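Here is the structure we will look at.
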Amino acid sequence: MTEVWWVSLIKAFVIINLLMLTFAYMTLIERKVLARMQLRYGPNRAGPFGLLQPIADLVKLIRKEAFFPASAVDVLYITAPVLSCFTALAAFSVIPFGPGWTIGDYYVSGEVVNVSISLILLFALGSLGIYGFIVGGWASDSKYSLLGSMRTCAQMVSYEVSLTFAVLGVVLMGRSLSLVDIVHKQDETFWFFGPQFVGLLIFFVAGVAETNRPPFDLPEADTELVAGYHTEYSGMRFGLFQMGEYVNMITLSALAVTLFFGGWYGPWAPLGPLWFALKLFAVIFIFLWLRATLPRLRYDQLMRLGWKVLLPLATVNAVVTAALVVAL
Amino acid sequence: MILADAGNILVWIVWVVAAFACLGSGIAVISFSNPFYSALSLIGNLASLAVLYLLLAAEFVAAAQVLVYAGAVMVMFLFVIAYLGGHADAPWAGGPSWQALWAVAASAALLVEVIVVIGLKTGGRLSHSPPTDFSFGSPATIGRLFLTDHLLAFEITSIVLLIAAVGGVILGSHSRETAAE
C-alpha cells in the first residue's frame with residue numbers, strides 16, 4: 001500500500017492550496033465573527049455577504065509598495081517572512097485528515113507524508129518558524145520591531161515547553177509518536193480528550209500563546225509596540241507573516257483535533273475528511289471567540305502563567321499518565 | 001534497477017550538498033565579525049548536520065537535533081545577541097595571532113586523529129553500508145538502548161542537566177536579590 005510519487009505530488013499541491021484557501025477565508029470568518037460578537041456587520045461590501053473580501057485583501061497587499069527601511073539588513077529582511085510562512089505550511093504536511101483511499105489502481109493515503117516521528121517533526125518545524133519572527137524583527141533595525149521580536153521569542157520559547165509537555169500524555173496513551181497511529185488508537189479505545197482533559201487544557205492555552213493570539217498577543221500588542229516584529233513590513237511581505245501566523249493557528253487546531261478528538265473519525269457515519277474539517281472549524285472558532293472575549297494579559301502575568309502554572313501542571317500530568325499507563 | 005540508481009544519485013547529491021553546507025556554515029560561524037550572523041550560520045550548520053543524520057536513517061536523532069539544538073538552544077543565543085546588539089564587546093575579536101596559529105594547529109591535530117581512529121576502527125567496512133532494519137533509529141529502539149546499554153551515561157547526563165537547572169535558578173534568584181537592594 002504505497003503511493004506512487006506523482007499521486008503524492010498532486011495531493012501535496014491540493015492540500016497546500018486548500019490550506020491557503022482556509023487561511024484566506026479564516027480572515028473573513030474572523031472579522032465576521034468578531035463583528036457579530038460586537039454587534040457590527042463586519043465586511044459586507046465585496047461580493048455577497050462580503051465573500052470576495054479575502055480576494056480584495058490579497059489584491060491590495062500585492063499591489064501595495066513593498067518598501068523597507070534604509071538601514072535594514074536586506075537579505076534577512078526579505079527571507080524572514082518567507083521562512084516563517086514556509087515552516088508553517090510545511091508543518092501541516094504530517095497532519096492526517098483521512099483514512100486513505102484506493103482510487104482505481106492507485107492508493108491515496110490520508111496525509112501528505114507519513115513518518116513515524118511526525119509529532120516531533122511538527123514541533124521541530126514550529127521551533128524553526130520562530131526564527132522568521134526574530135530575524136525579521138532584528139533585520140528591520142527598528143526599536144519597536146526588536147522589542148516585538150524579543151517578546152515573541154521569550155513567549156514562544158516559554159510556551160513551547162508547556163506545549164510539548166502537554167502532548168506527552170497523549171503520546172504515552174497512544175504509545176506512538178506517529179499522528180496516524182494516535183488517531184487509530186483513539187478509534188480503537190476512546191478519544192483522548194476525556195482521560196487527557198488536563199493535557200487538552202494546557203495544550204490549548206499554550207497553543208493560543210504559541211500562535212500569539214489574544215489574550216496572549218503581547219508580541220504585537222498594538223497599544224504598546226505599534227505592531228511588534230512586523231512593524232516595518234508592508235505589502236505581501238507583511239502578508240506572508242500574517243499567513244504564517246494564521247497557518248500556524250490552523251495547524252495547531254488540526255493537531256488538537258488529531259491528538260484529542262479522534263482526527264478524521266466521527267461519532268457516527270464514516271465521513272473521513274468532513275469530520276476532520278468540521279472539528280477543525282469548531283476549534284478555530286474557539287480561537288476567534290477567545291479573541292472577542294478576553295483582554296490582553298500583562299507581560300509578567302504571561303510569564304508567570306507559562307512557567308509557574310502550565311509547566312508544573314503539564315509535568316504532573318505527564319508523570320501521572322505514565323504511572324497510570326504502566327499500572328493499568 | 002534504473003529507479004534504484006536514480007535514488008542512489010539523489011542520495012549522493014543530497015549528501016554532497018549537506019556536507020558542503022555543513023563545512024561552509026562551520027567556517028562562516030568563526031569568520032563573521034557580527035555575532036548575529038555567526039549564530040545564524042551555526043543554525044545552518046546544525047540543520048545540515050540533521051540532513052546528514054537523515055541520510056544515515058536516524059530520523060529521530062535528526063528531528064531531535066532540529067528541535068533541541070537548532071530550535072530551542074539557538075533561539076536563546078539569538079535572543080541574547082539581539083538584545084545586547086551586534087556591536088557589543090566581543091572578547092575574542094581580533095585576538096593575538098599566536099592564538100589563531102594554535103587554533104589551526106589544534107584543529108589539524110584533531111582532524112588527523114579522527115581520520116586515524118576511523119581508519120583503524122572500521123578497517124575495510126567503509127566500502128559497503130551495514131544492514132539496517134526498519135526499527136533502526138526509531139524512538140523505541142533509542143529509548144531501549146538508553147535504558148539498557150547506555151544507562152550510566154544517560155543517568156549521568158540527567159544529573160548534569162539537573163545541576164545546570166539548579167545553578168540557573170540560583171544565579172537568577174541571586175541577581176534578583178541584588179536588584180531589589
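Please read all numbers here as calculations on a predicted model, not as lab measurements. Proteins come first, then strands; the chains are lettered A, B, ... in the order of their sequence lines, and each starts at number 1.
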Contacting region of Phe123(A) [heavy-atom separation from chain B under 4.5 Å]:
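Both backbone and side chain.
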When the 4.5 angstrom heavy-atom criterion is applied to Leu76(A) and chain B, the contacting part is side chain
*asked:* Please check this pair: side chain of Tyr131(A) against backbone of Ala70(B), looking for a donor-acceptor N/O pair closer than 3.5 Å.
replied: yes
With chain A, the option among Ile43(B), Leu78(B), Leu40(B) that has the most non-hydrogen atom pairs under 4.5 Å is Ile43(B)
(message) What part of Met74(B) gets within 4.5 angstrom of chain A, counting heavy atoms only: side chain, backbone, both, or neither?
(response)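 Both parts, backbone and side chain.
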(request) Could you tell me whether Phe86(A) atom CZ has more than 12 heavy atoms of other residues or ligands within 6.0 Å of it? (result)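 Not buried by this count: 12 neighbours or fewer within 6.0 Å.
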Go through Leu177(A) and Phe60(B) one step at a time and tell me if the side chain to side chain contact (heavy atoms under 4.5 Å, CB included) criterion holds. CA-CA 10 Å; Leu177(A) 286 167; Phe60(B) 180 76; 4.2 Å; yes
dist Phe36(B):CZ -> Ile134(A):CD1 (nearest 0.5 Å) comes out at 7.5 Å
Rounding to 0.5 Å, atoms CD1 (Ile120(A)) and CD (Glu59(B)) come to a distance of 11.0 Å
Note: Ser127(A) and Gly71(B) closest approach over all heavy atoms is OG-CA, 3.6 Å
### Query
What are the two closest non-hydrogen atoms of Ala124(A) and Ala63(B), and how far apart are they?
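For Ala124(A) and Ala63(B), the tightest heavy-atom pair comes out as CB-O, 3.9 Å.
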